[in-house]
Amino acid sequence: MTVKITVNVAGCVGHARCAAVAPDVYELDDDGFNTTAYREAEESLRAQAVRGMRACPEKIITIEDEENR
Ligand code: SF4
């Protein structure tokens with residue numbers, strides 16, 4: 001199993017909060033924007049990935065099988 005992560009990068013405003021709480025999952029460009037529209041991460045990174053999803057104020061990160069609350 002992998003963690004399927006989608007980011008609506010067009011809506012990213014560069015808070016960098018996703019990477020602050022989940023540095024092993026979310027990578028930002030030099031200006032602090034998340035430019036990775038889709039990636040699959042190891043299952044061991046699921047909790048970190050979810051934390052990053054929930055930390056995004058714009059709610060542009062979705063993870064398959066996980067609720068964004
Ligand atoms: S927290 Fe959300 S808006 Fe901020 S850099 Fe990450 S994906 Fe973009």
Side-chain angles (χ1 to χ4, degrees):
M1 281 277 284
T2 55
V3 188
K4 298 179 176 62
I5 304 164
T6 304
V7 180
N8 178 10
V9 293
C12 180
V13 296
H15 298 290
R17 293 194 194 169
C18 52
V21 299
D24 300 327
V25 176
Y26 301 103
E27 288 177 18
L28 306 180
D29 67 12
D30 290 344
D31 297 318
F33 285 79
N34 191 329
T35 57
T36 307
Y38 178 77
R39 72 163 288 196
E40 295 186 14
E42 295 297 318
E43 191 59 36
S44 61
L45 290 172
R46 180 175 291 273
Q48 195 180 139
V50 170
R51 215 176 304 137
M53 172 182 72
R54 292 179 181 157
C56 176
E58 307 305 315
K59 302 293 181 200
I60 60 169
I61 301 174
T62 52
I63 299 176
E64 187 179 73
D65 298 331
E66 300 289 349
E67 206 177 319
N68 191 358
R69 51 179 165 75

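Side chains included, hydrogens not; waters and symmetry mates left out as well; all remaining heavy atoms used. Numbering of ligands and ligand atoms starts at 1, following listing order.
Put simply, the side chain of Val7 does not reach to within 4.5 Å of the side chain of Thr36, judged on heavy atoms. Two residues are said to be in side-chain contact when any heavy atoms from C-beta on lie closer than 4.5 Å; Tyr26 and Arg17 fail this criterion.
Interatomic distance, Arg46 CZ to Ile5 CD1, rounded to the nearest 0.5 Å: 9.0 Å.
Of all non-hydrogen atoms in Val3 and Ala49, the two that sit nearest each other are CG1-CB, 4.3 Å. Considering all non-hydrogen atoms of both residues, Val13 and Phe33 come closest at C-CE2, 3.5 Å.
Hydrophobic cluster membership for Leu28: none, as no Ile, Leu, Val, Met, Phe, Trp or Tyr side chain comes under 4.5 Å of it.
For atom 8 (Fe) of ligand 1, the nearby protein N/O/S atoms, meaning those under 2.8 Å, are Cys12 SG.
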